[in-house]
Amino acid sequence: MNIFRFSGDMTHLMSVLVLLLKIHTIKSCAGISLKTQELYALVFLARYLDIVTNFISLYNTIMKLIFLGSSFMIVWYIRRHRIVRRSYDKEHDTFRHLFLVLPCFILALLINERSAFKEIMWTFSLYLEAVAILPQLVLLQRTKNIDNLTGQYVFFLGAYRALYICNWIYRYFTEPHYVHWITWISGLVQTLLYADFFYYYFNSWKNNVKLQLPA
Amino acid sequence: DEGKLDHDEL
């Protein structure tokens with residue numbers, strides 16, 4: 001495992017921890033899109049179907065368990081926790097799951113590396129992860145004031161994507177036959193979705209003003 | 001190439 005891959009995993013982990021910390025300590029999920037969180041839970045469920053049959057390393061298995069567990073925990077908090085759920089911004093979080101899930105599933109059926117069930121679900125999870133942040137970005141745009149933790153959550157997620165691209169470039173040059181078009185293209189699309197956010201995030205940080213996305 | 005489909009990333 002190279003440094004980019006490991007740093008990418010760690011920023012991914014940080015994003016989840018920041019979010020859980022916010023929800024757990026402040027007992028608030030203001031500014032967090034339930035739709036995005038539910039899509040992530042679905043992404044991990046579809047991708048880690050092989051968690052018991054395909055052992056890669058202890059690190060991999062533990063990280064998979066963390067991502068699965070935390071994504072369902074976050075969804076549970078927003079939907080079920082009696083205090084947290086009151087802060088959920090239902091009026092602005094109106095993105096329809098199906099608009100993202102259905103096209104991704106059809107695309108996975110059409111474009112995949114191997115048409116086995118697990119392989120199609122894995123491909124579906126890649127496509128869905130690429131666009132799962134959209135409801136969150138839409139919600140951020142509609143929310144006037146983005147609090148620091150929500151901003152950091154999206155920042156860490158974007159950093160994770162950028163580091164994974166560095167990891168693929170590194171692996172391409174250091175490992176023989178390392179070519180994964182589906183992973184790369186969906187990963188690139190996903191990272192580009194953050195570009196706009198990053199621009200405003202750095203600007204607000206540079207000028208030391210509160211993060212606000214233009215409508 | 002079977003190894004190609006070994007998804008070792010998260």
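Each chain gets a letter, A, B and so on, in the order the sequences are listed, and its residues count up from 1.
No side-chain heavy atom of A:Met10 sits less than 4.5 Å from a side-chain heavy atom of A:Leu163. Side-chain contact between A:Tyr77 and A:Leu20 is present, with heavy atoms from C-beta onward closer than 4.5 Å.
Residues of residues 55-67 of chain A that come closer than 4.5 Å to chain B, counting heavy atoms only, are A:Ile56, A:Tyr59, A:Asn60, A:Met63, A:Lys64, A:Phe67, ordered by residue number.
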*Should A:Asp147 and A:Lys22 be marked as a salt bridge (Lys or Arg N to Asp or Glu O under 4.0 Å) after you check the CA-CA gap, both sets of side-chain angles, and the distance that decides it?*
CA-CA 10 Å; A:Asp147 64 82; A:Lys22 171 188 157 91; 2.9 Å; yes
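Using a cut-off of 4.0 Å between Lys/Arg side-chain N and Asp/Glu carboxylate O, A:Arg171 and B:Glu9 are scored as salt-bridged.
Taking the six-membered ring where the residue is Trp, the centroids of A:Phe155 and A:Tyr194 are separated by 6.0 Å or more. Aromatic rings of A:Trp168 and A:His180 (six-membered ring for Trp) have centroids beyond the 6.0 Å cut-off, not under it.
Proximity to chain B is limited to the side chain of A:Asn167, based on heavy atoms less than 4.5 angstrom apart.
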